[in-house]
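Working notes, beginning with the structure itself.
For ligands, and for the atoms within them, numbers begin at 1 and follow the listed sequence. Scope of the values below: all heavy atoms of this structure, side chains included, with no hydrogens, waters or symmetry mates. Predicted model, so just to flag it, every value in this text is computed and none were measured.
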Amino acid sequence: MTDCIFCKIVAGTIPSIKIHEDDLVVSFMDIHPLRRGHVLTIPKEHQQQLHLLPPETRAHLVNTVARIAEAVYRSSLKPDAVHYAVNDGPAAEQTVPHVHMHLLPRYKGDRMSFMMRLLRKPFDLVTGPVAGDVLMRDADAIRAELARVS
Ligand code: 5GP
Ligand code: ZN
């Protein structure tokens, strides 16, 4: 879809910091991360909701995110847990109408800081993206481990 920002990332017409790409999916760093290591994985096919994707694409999307989670666990980010999250339609807080799965590192005792980040998120659009060098560094760390995950 020409006016979809994630289709533009798939097409390479807007930049992104990619973690993984294959025939069906692309994974890249969220430009307004809720926390370090916030990765989005999208199908190359434009669909707004998960159930509209072909089953093999859906399965591959979830498998890819799980592999990336393994890489994040092994990386220097060393989370204690992660969220796999899909906001599947505008009423569920979906702001980009192209299926995407969030992978979000969590740490023991981080509930308050995590909730504060969630509350601040709408204002990120005003303050702009986080520094690219932090995203690059985390992407490098995750990519390095992903190469070792089967
Ligand atoms: P949603 O709220 O739709 O579940 O999540 C959309 C996510 O996409 C948000 O976390 C937002 O920060 C991220 N995002 C929006 N535009 C861009 C972009 O141009 N590049 C990247 N890398 N992430 C984006
Ligand atoms: Zn799209």
- Task: Name all residues meeting the side-chain contact (heavy atoms from CB on, under 4.5 Å) criterion together with Leu77; count only those two or more places apart in sequence or in a different chain, and write none if there are none.
- Result: Arg36, Val72, Ser75, Pro79, Tyr107, Asp138, Ile142
- Thr57 side chain to Leu53 main-chain N or O, any donor-acceptor pair under 3.5 Å? no
- Write down, by chain and number, every protein residue that brings a non-hydrogen atom to less than 4.0 Å from an atom of ligand 1. Ile5, Phe6, Ile9, Phe28, Met29, Asp30, Ile31, His32, Leu40, Asn87, Glu93, Gln94, Thr95, Val96, His100, His102, Lys121
- Task: Spell out the protein N/O/S atoms under 2.8 Å from the Zn ion (ligand 2) as residue plus atom name.
- Result: Cys4 SG, Cys7 SG, His46 ND1, His98 ND1
- Cation-pi between Arg106 and Phe114: NZ/CZ under 6.0 Å from ring centre and within 45° of the ring axis? yes
- For His102, which residues count as a ring pair (Phe, Tyr, Trp, His ring centres under 6.0 Å) partner, sequence neighbours excluded? His38, His100
- Message: For a 4.5 angstrom cut-off between non-hydrogen side-chain atoms, does His98 reach Gln48?
- Response: no
- So, His20 versus Asp22: side-chain donor-acceptor pair below 3.5 Å or not? yes
- Donor-acceptor pair, Asp88 side chain versus Gln49 backbone, under 3.5 Å? no
- Task: Indicate yes or no: does Glu70 engage Arg67 in a salt bridge with an N to O separation below 4.0 Å.
- Result: no
- Does some side-chain heavy atom of Phe6 sit less than 4.5 Å from a side-chain heavy atom of Ile42? yes
